[in-house]
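Quick notes on the structure that follows.
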Amino acid sequence: MNSTQKIFSVIDYNLDATLTSGQAFRWKRHGNGWVGIIGNRWVQLQSKGTELLAQCAEPVADWDWLTHYLQLDLDLREVVATFPSDLAMRSAVNACQGLRLLRQDPWECLASFILSSTKQIVQIQQIVSLLCEKFGQPVAVPEGFPGARSFPTPERLALASEIELRNCKMGFRAPYLLASARMIAEGRLNLQQLHSLSADEARARLLELPGVGPKIADCVLLFAYGFQTAFPVDVWVMKALRQLYFPRRRPSRLKLQGFTQNYFGRNAGYAQQYLFHYMRTRRENGTVKTN
DNA sequence: TCAGACCCTCACAG
DNA sequence: ACTGTGAGGGTCT
């Protein structure tokens with residue numbers, strides 16, 4: 001039966017933490033819940049205990065897209081059980097039970113992270129919001145809600161000028177986003193095809209894009225393609241790693257990569273998300289308990 | 001490996 | 001109120 005809303009039963013799903021943890025940049029708080037756009041759909045989400053209420057603007061026949069985006073079928077306990085059990089890791093997990101990884105659209109994720117370099121999360125949200133406002137397609141919205149737009153396609157952005165993009169306050173990231181959009185629009189890189197590659201191969205392809213370095217490539221592998229071994233190292237995670245595991249000398253990037261893969265295991269990327277969130281939200285901002 | 005440049009905005013001093 | 005300053009989920013050269 002088609003309905004505009006559905007109730008999912010969930011265990012250990014911290015919606016607030018998940019939507020504010022810097023993976024996705026378009027969710028806005030609305031009352032107790034959240035409003036966002038997934039693909040071409042407007043969605044409102046509310047979490048109540050073990051229930052997750054989803055509301056759309058138009059009737060939905062099949063909710064698989066939302067189950068997939070939110071990764072509702074994932075057994076989080078099984079994932080957390082694979083983390084190393086040092087104190088910092090345990091503290092990070094305890095500080096934020098139910099933090100999840102989303103499974104986003106590759107292009108939206110890629111473009112958003114190209115825009116993320118040396119920006120704070122609120123600033124990224126602002127840029128992405130302007131970008132959607134200017135280049136996105138209108139989507140259906142329920143009565144009484146402000147209009148909303150989808151994330152612009154690479155084809156649309158490929159037609160934009162650098163000036164237009166800079167007007168979205170993205171500064172020096174504009175030529176990167178434009179060039180990447182063009183490469184994808186021209187078919188020089190097929191984002192869907194990366195699903196069929198290994199993590200290393202997919203990573204190599206992403207690194208061909210201008211404005212995409214190791215950190216952003218890993219974010220896309222993790223947040224869009226679900227390669228859970230991908231381990232984005234940003235300033236926060238680097239701070240944690242150095243304090244915790246390399247107190248003496250700083251390791252080379254290659255060494256660090258080897259270490260994170262071995263030490264954090266097959267869900268290294270998930271572990272990274274907990275460390276990131278922990279570092280970012282702790283009161284003493286930047287210190288981690290080591291014993 | 002190692003800086004420095006790169007846009008722009010906001011928070012925070014003074 | 002105003003101006004000055006610094007730094008912010010990096011990447012490129």
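Naming: A, B, ... by sequence-line order, numbering from 1 per chain.
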>> Expected output is a numbered-order residue list: members of residues 97-110 of chain A with a heavy atom under 4.0 Å from any atom of DNA chain C. What is it?
In response: none

> How would you list, by chain and number, every residue that makes a side-chain contact (heavy atoms from CB on, under 4.5 Å) with A/Ala158, sequence neighbours excluded?
Replying inline: A/Arg182, A/Ala185

> Salt bridge check: are A/Glu133 and A/Arg26 linked by an N-O gap of less than 4.0 Å?
Replying inline: no

>> Can you list, in residue-number order, the parts of residues 197-215 of chain A that come under 4.0 Å of DNA chain C, counting heavy atoms only?
In response: A/Leu209, A/Pro210, A/Gly211, A/Val212, A/Gly213, A/Pro214, A/Lys215

So which protein N/O to nucleotides 3-6 of chain C N/O distances come out below 3.5 Å?
none

Pairs: protein N or O with nucleotides 2-5 of chain B N or O, under 3.5 Å:
none

> Hey, would you say the A/Phe231 and A/Phe276 ring centroids sit under 6.0 Å apart?
Replying inline: no

> Donor-acceptor pair, A/Arg188 side chain versus A/Met183 backbone, under 3.5 Å?
Replying inline: no

>> Does A/Asn32, at its CG atom, have more than 12 non-hydrogen atoms belonging to other residues, nucleotides or ligands within less than 6.0 Å?
In response: no

> Checking all strands, does A/Ser21 fall into the base, sugar-phosphate, or nothing category for heavy-atom contacts under 4.0 angstrom?
Replying inline: base

> Counting only N and O atoms by type, is there a donor-acceptor contact under 3.5 Å from the side chain of A/Arg173 to the main-chain atoms of A/Met170?
Replying inline: yes

> Is there any side-chain hydrogen bond (donor to acceptor under 3.5 Å, both in side chains) pair reaching into residues 34-43 of chain A, and which pairs are they, with sequence neighbours excluded?
Replying inline: A/Asp16-A/Trp34

> For A/Thr229, does its backbone N or O pair with a side-chain atom of A/Gln261 as donor and acceptor, under 3.5 Å?
Replying inline: yes

> Going by the side-chain hydrogen bond (donor to acceptor under 3.5 Å, both in side chains) test, which pairs reach into residues 201-215 of chain A, not counting sequence neighbours?
Replying inline: A/Ser198-A/Glu201, A/Arg203-A/Asp218, A/Arg205-A/Glu208

>> Is it true that A/Asn94 and A/Tyr278 share a donor-acceptor pair across their side chains at a distance under 3.5 Å?
In response: no

>> How would you summarise protein contacts on nucleotides 6-11 of chain B per nucleotide, using B for base, S for sugar-phosphate only and - for none, with heavy-atom distances below 4.0 Å?
In response: BBBBS-

>> For the aromatic rings, using the six-membered ring if either is Trp, is the centroid distance between A/Tyr13 and A/Phe8 under 6.0 Å?
In response: no

>> Does anything in residues 158-182 of chain A form a ring pair (Phe, Tyr, Trp, His ring centres under 6.0 Å)? List the pairs, not counting sequence neighbours.
In response: none

> Cut-off 3.5 Å, side chains only: do A/Gln5 and A/Ser3 have a donor facing an acceptor?
Replying inline: no

> For A/Asp234 and C/dA7, what is the distance between atoms CG and P respectively, to the nearest whole Å?
Replying inline: 18 Å

> With a non-hydrogen cut-off below 4.0 angstrom, is A/Gln23 in contact with a base, only sugar-phosphate, or nothing?
Replying inline: base

> Distance between the P atoms of B/dC7 and C/dT3, in whole angstroms?
Replying inline: 24 Å

> By side-chain contact (heavy atoms from CB on, under 4.5 Å), which residues pair with A/Lys255, not counting sequence neighbours?
Replying inline: A/Pro251, A/Ser252

> Side chain of A/Thr4, backbone of A/Glu58: donor and acceptor closer than 3.5 Å?
Replying inline: no

> Atom CG of A/Leu177 to atom P of C/dC12: distance rounded to whole Å?
Replying inline: 14 Å

> When you look for runs of 3 or more Watson-Crick or G-U pairs in a row, both distances below 3.5 Å, which of them include DNA chain C?
Replying inline: B:3-6 with C:10-13, B:8-14 with C:2-8

>> Just checking A/Tyr270 against A/Phe264, ring centres under 6.0 Å apart?
In response: no

> Donor-acceptor pair, A/Asn14 side chain versus A/Gln97 backbone, under 3.5 Å?
Replying inline: yes

> Can you pull the side-chain hydrogen bond (donor to acceptor under 3.5 Å, both in side chains) pairs that have at least one residue in residues 98-111 of chain A, sequence neighbours excluded?
Replying inline: A/Gln71-A/Arg103

> In whole angstrom, what separates A/Met238's CE from C/dT11's P?
Replying inline: 12 Å

